[in-house]
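Just so we're clear, the structure is a prediction, and the values are computed from it rather than from any experiment. As a basis for the values below, the full set of heavy atoms in this structure was taken, side chains included, without hydrogen atoms, waters or symmetry mates.
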Amino acid sequence: MAASTQQRFAARGLYVYQRESVDKIARKIHVNTRTVARWKSDARKEGDDWDMARTAHSVSAQGTAAVSAAIMEDFMLLFQATMQGLKEDEKATPMQKAETLSRLSDAYNKTMAAAAKSSPALNKMAVALEVLHDLVEFIKTDAPQHAQALLEIIEPFGVYISKKYG
């Protein structure tokens, strides 16, 4: 994916959690204001309403679920950045990519399990992510030649899972 994917996740985080304006976000991540506005609009059409997320975060800022969601959001940003770097690493072998995917998946699974304990609503997502972890392990051990294909689909599928269960 293009570098703008990381910028979009950063823009969303700044808007929702830091309550930054679209103009200020654009300056911070070095893009045009219209670009951030378009990302926000596109996300809403896809079921991710930044304004609703911002309001929900503000209203429940003291709740355990909100803390879990914020931790998950931060983890997702790091996860996405690492995935992007892995995709762009032309020197890594399929086995190295599969190993990195396995480690990322394990960290993701553990983070989701901890979040699910504090927020029962995240349990469904935790189960879905456990299945993804199992898929990564399978690719790592039984089909490392498919690691690149997995890299190409797992990130957008993760967004799909978040929308469905998040």
Side-chain angles (χ1 to χ4, degrees), residues 1-18 20 25-26 28-31 35-36 38-40 42-43 46-48 50 53-54 57 65-119 121-166:
M1 291 198 166
S4 66
T5 300
Q6 289 176 328
Q7 290 174 310
R8 270 182 273 207
F9 280 109
R12 185 186 188 278
L14 288 168
Y15 188 85
V16 172
Y17 299 111
Q18 302 298 319
E20 299 283 359
I25 293 166
K28 279 187 173 185
I29 63 172
H30 310 291
V31 298
T35 300
V36 176
R38 186 184 74 244
W39 291 342
K40 185 175 173 275
D42 290 349
E46 295 171 6
D48 180 19
W50 292 11
R54 179 187 238 184
H57 176 72
V67 171
S68 295
I71 290 168
M72 287 307 303
E73 181 75 19
D74 288 345
F75 184 84
M76 280 301 300
L77 291 171
L78 291 170
F79 185 87
Q80 296 292 339
T82 304
M83 289 294 292
Q84 184 65 35
L86 186 59
K87 285 180 187 179
E88 295 171 358
D89 186 356
E90 296 176 3
K91 294 179 183 177
T93 67
M95 186 55 110
Q96 289 170 326
K97 288 182 178 185
E99 178 65 29
T100 302
L101 277 172
S102 176
R103 289 180 183 179
L104 279 174
S105 181
D106 187 48
Y108 197 90
N109 198 34
K110 288 176 181 175
T111 302
M112 283 304 298
K117 289 178 183 174
S118 64
S119 176
L122 293 176
N123 268 334
K124 286 183 180 180
M125 189 181 289
V127 170
L129 293 172
E130 185 173 346
V131 171
L132 287 176
H133 177 265
D134 291 344
L135 175 62
V136 169
E137 285 297 312
F138 175 80
I139 295 294
K140 175 186 165 194
T141 58
D142 295 338
Q145 70 275 17
H146 296 298
Q148 186 62 38
L150 182 62
L151 275 172
E152 292 174 14
I153 63 168
I154 202 162
E155 187 174 350
F157 187 68
V159 171
Y160 170 83
I161 292 294
S162 292
K163 287 179 183 175
K164 183 171 183 176
Y165 297 110

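- Closest non-hydrogen pair, P94 versus P144, comes out as CB-O, 3.3 Å.
- In terms of heavy-atom proximity, F79 sits nearest to L104 at CE1-CB, 3.6 Å.
- Between the side chain of S102 and the main chain of A98, no donor-acceptor pair closer than 3.5 Å is present.
- A donor-acceptor pair under 3.5 Å is formed between the side chain of Q7 and the backbone N or O of I29.
- Taking NZ of K40 as the start and CD1 of I25 as the end, the distance is 9.0 Å to the nearest 0.5 Å.
- Summarising the geometry, atom CD belonging to Q148 is positioned 12.0 Å from atom CD1 belonging to I139; distances are rounded to the nearest 0.5 Å.
- The CD atom of Q145 lies 12.0 Å from the CG atom of L150; values are rounded to the nearest 0.5 Å.
- Side-chain contact between V36 and Y15 is absent, with no heavy atoms from C-beta onward closer than 4.5 Å.
- Note: T141 OG1 to M95 CE = 8.5 Å, rounded to the nearest 0.5 Å.
- With contacts defined as side-chain heavy-atom distances shorter than 4.5 Å, the pair M83/L101 qualifies.
- Looking at heavy atoms from C-beta onward, Q96 lies out of side-chain contact with E99 at the 4.5 angstrom threshold.
- Between Q6 and Q80, the closest heavy-atom pair is NE2-O, 4.5 Å.
- Salt bridge annotation for D48-R12: present, with a cationic side-chain nitrogen under 4.0 angstrom from a carboxylate oxygen.
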